[in-house]
Amino acid sequence: MLSNLSIKNYALIDSLNVSFTEGFTTITGETGAGKSILLGGLSLVLGKRADLSALRDEGQKCIIEAEFEIKKYKLKPFFKVNDLDYEDRTIVRREILPSGKSRAFINDTPITLDILSQLGNQLIDVHSQHQTLQLADNDFQLKVIDALAENKSTLDDYSEKLDIYKKTSKDLEQLVDFQKNADKEYEYNSFLLKELEDASLKVGMQEELEEQYEQLNNVEGIMEQLSKSEQLINGEQVGVLCLLSELKQASSKLSGFGNQYSGLNERIQSVFIEMDDIAGELQSYHDQAEANPQLLEEVSGKLQLLFNLQKKHAALDIEELIKIKEALSEKVGVTENLEANIEQLQKELVRDESALEEVAKKLNASRVAVLPNLKQQLENSLEMLGMPSAAFQIEIHPSSSFKSNGKDNLSFLFSANKGSNYGELKKVASGGELSRIMLTIKSILAKYEHLPTMMFDEIDTGVSGEISNKMGDIMSTMSKTMQVFSITHLPQVASKGDQHFKVYKTDEDNTTHTRMKKLTADERVVELAGMLGGNDLSDSAMAHARQLLN
């Protein structure tokens with residue numbers, strides 16, 4: 001329930017701080033006193049969008065803070081899902097900055113407006129005057145029926161299966177659309193893929209080919225240098241090996257004269273062995289080196305192919321070409337398996353539709369079952385509210401398509417008088433009748449939805465006298481199981497409140513302020529008398545006010 005509301009720098013309110021209790025709270029005030037401002041401030045903390053026009057002083061930020069006692073309302077899962085700190089006394093705060101930016105907090109944790117709105121919908125049901133138009137909306141009417149049928153878990157199941165069905169349907173639609181251009185794309189992608197596959201791409205192959213090309217293209221120079229190197233090593237008189245051989249013989253004779261000469265000999269022996277090995281390799285390379293114009297042309301062709309492929313696919317290197325080949329292979333594979341994939345999705349869609357249809361039938365059966373109960377509750381309540389001939393004709397028919405809340409079409413018709421034709425609520429019901437019907441429906445919903453708080457904004461518009469007294473009784477009865485607020489112009493309703501607040505204006509320093517105060521018992525008498533007889537507080541008006549309170 002709403003236990004405290006604080007508003008700063010909003011519209012005509014510079015600062016307001018009020019506390020509320022359980023039960024039935026009535027709020028009164030002259031037209032233009034600011035009751036709508038109070039409701040507007042509360043709606044901001046419940047997630048409504050704001051703009052700079054809400055600021056009283058455009059140089060200061062607007063702060064609206066509401067404290068709720070939520071221990072009894074099973075909201076811990078919501079806090080856990082949204083990673084919020086749960087408190088039995090939860091504080092929701094909304095700030096509107098002079099820059100126009102808005103911030104929201106739950107227990108001092110910053111949150112999005114969407115999360116704030118989700119929580120607000122679970123804390124307070126605000127009935128504003130325009131909401132009466134919802135009576136003509138099939139979705140709202142089905143919501144009432146689902147509340148009586150206790151369909152919440154079934155609706156959750158339906159919603160989950162509908163999401164699956166829509167996803168499968170979308171995937172199938174996209175695949176079928178893809179198939180329309182698949183043949184042309186398949187041929188082109190297959191051609192590109194074959195080009196890349198024929199190139200036998202491997203990481204590092206370009207570097208190897210470039211090295212091979214350089215060797216083949218410069219074979220004469222290579223052979224010349226190899227011959228020169230062989231001559232330097234194997235020359236009979238001044239060749240490196242000849243000289244090393246003499247050095248080896250000399251060091252071998254020295255090796256017996258001490259360890260230092262022995263070590264030196266070993267090193268010279270190693271140098272001779274290494275140089276002899278180098279001589280062998282030079283001979284081998286020289287024997288292998290030969291001009292091969294055909295191989296040169298082949299290597300050149302492979303390199304040119306790689307360059308062309310890189311240019312064609314705007315690739316920097318072989319690695320990128322390999323990735324492009326893999327992507328093309330996947331595309332071609334998808335196209336080749338297109339028929340099988342479409343067939344598989346068609347089977348899945350049939351399965352998903354069957355599961356969805358089953359839940360839709362369950363919803364339909366439970367809704368049809370409660371229609372007599374809803375009709376009786378509505379007509380009995382409206383009879384108490386001065387509409388003894390009010391009658392409803394409520395029927396549910398299967399729809400050909402899946403909707404967000406099932407597969408039902410609803411006919412919700414109303415007749416206010418005997419012998420009158422049934423018609424849609426918005427066409428045949430007056431404003432006062434719509435108010436009474438809405439209050440009746442809200443009282444029915446309150447039994448099943450278990451909202452902590454319900455706020456009525458002049459739901460008694462268009463009624464008076466004994467009917468308004470009965471409407472006050474209904475709201476008072478509702479307040480036995482939930483917190484109920486009523487912003488009203490009717491003394492009969494205002495007198496039913498367990499606590500009574502007055503909204504009024506004051507002029508201070510040439511500035512108008514909206515204030516709100518809780519009335520004492522004596523102040524309530526004066527307020528009700530004023531509502532009954534205007535500014536002339538006659539003895540009869542005062543007596544009538546006391547009678548209402550008693």
Side-chain angles (χ1 to χ4, degrees), residues 121 125 127 130-170 172-173 349-382 387 389-417 419-431 433-449:
N121 288 336
D125 179 6
H127 171 271
H130 75 272
Q131 194 188 38
T132 304
L133 299 175
Q134 284 186 326
L135 283 172
D137 181 61
N138 270 183
D139 286 343
F140 179 76
Q141 294 162 354
L142 279 172
K143 178 183 176 183
V144 178
I145 294 170
D146 286 327
L148 265 70
E150 298 182 344
N151 276 339
K152 186 179 184 308
S153 61
T154 308
L155 280 169
D156 290 342
D157 187 25
Y158 176 86
S159 180
E160 183 180 331
K161 286 181 168 57
L162 180 63
D163 288 342
I164 295 172
Y165 172 78
K166 285 182 176 179
K167 184 182 183 305
T168 305
S169 181
K170 184 179 179 180
L172 178 59
E173 183 181 349
L349 190 64
V350 170
R351 181 197 64 199
D352 296 343
E353 184 176 2
S354 176
L356 189 58
E357 184 74 43
E358 186 177 339
V359 184
K361 287 180 179 178
K362 185 177 178 182
L363 277 174
N364 174 270
S366 62
R367 287 167 174 170
V368 170
V370 300
L371 291 185
N373 181 22
L374 174 61
K375 174 180 166 67
Q376 184 177 7
Q377 286 195 55
L378 286 172
E379 293 174 354
N380 289 347
S381 295
L382 290 175
M387 297 172 65
S389 300
F392 289 86
Q393 193 176 78
I394 310 172
E395 296 178 351
I396 289 177
H397 308 285
S399 168
S400 59
S401 60
F402 293 110
K403 304 178 181 180
S404 61
N405 55 2
K407 200 179 178 185
D408 292 325
N409 287 325
L410 177 64
S411 174
F412 199 100
L413 304 179
F414 171 71
S415 172
N417 304 297
S420 298
N421 292 329
Y422 286 93
E424 295 179 14
L425 282 168
K426 62 182 178 182
K427 293 182 179 179
V428 300
S430 67
E433 288 169 342
L434 286 173
S435 293
R436 281 175 271 180
I437 294 170
M438 178 57 94
L439 177 60
T440 298
I441 285 177
K442 289 286 187 178
S443 67
I444 293 172
L445 283 174
K447 300 175 186 176
Y448 300 93
E449 289 199 328

Legend entry - salt bridge (Lys or Arg N to Asp or Glu O under 4.0 Å) pairs, two or more places apart, involving residues 353-365: E357-K407
Check whether any side-chain heavy atom of [X] sits under 4.5 Å from a side-chain heavy atom of [Y], and report yes or no.
X    : Y    : answer
L382 : R436 : yes
D146 : R367 : yes
T168 : L172 : no
K170 : K166 : no
S399 : D408 : no
L413 : E424 : yes
Q377 : L148 : yes
I437 : F414 : yes

Inset, instruction - Measure up the F412 and F392 rings against each other and bin them: parallel (under 30°), tilted (30 to 60°), perpendicular (over 60°). - result: perpendicular
[X] to [Y] - nearest heavy-atom pair and separation:
X    : Y    : result
S404 : Y158 : O-CE2, 3.7 Å
V144 : L445 : CA-CD2, 3.8 Å
N405 : L142 : ND2-CD1, 3.5 Å
L410 : N138 : O-OD1, 3.2 Å
E433 : A416 : OE2-CB, 3.5 Å
I145 : L374 : CG1-CD2, 3.6 Å

Taking atom [atom1] of [X] and atom [atom2] of [Y], what is their separation to the nearest 0.5 Å?
X    : Y    : atom1 : atom2 : result
E379 : M387 : CD    : CE    : 10.5 Å
L155 : S366 : CG    : OG    : 8.0 Å
K143 : I441 : NZ    : CD1   : 11.0 Å
D137 : L425 : CG    : CG    : 11.5 Å
L439 : L434 : CG    : CG    : 12.5 Å
I396 : L371 : CD1   : CG    : 4.5 Å

Say whether, by atom type as modelled, one donor and one acceptor occur between the side chain of [X] and the main chain of [Y] under 3.5 angstrom.
X    : Y    : answer
S381 : L378 : no
S411 : E395 : no
N417 : S420 : no

Legend entry - Flag if over 12 foreign heavy atoms under 6.0 Å of NZ, K152: no
Legend entry - Results of ring pair (Phe, Tyr, Trp, His ring centres under 6.0 Å) for Y165 - residues two or more places apart only: F402
Legend entry - Test: D157 and K161 ion pair at under 4.0 Å: yes
Inset, instruction - Taking only Lys NZ, Arg NE, NH1 and NH2, and the carboxylate oxygens of Asp or Glu, determine whether D139 and K403 approach each other closer than 4.0 Å. - result: no
Legend entry - Polar contact flag, side-chain donor to acceptor under 3.5 angstrom, N373-Q376: no
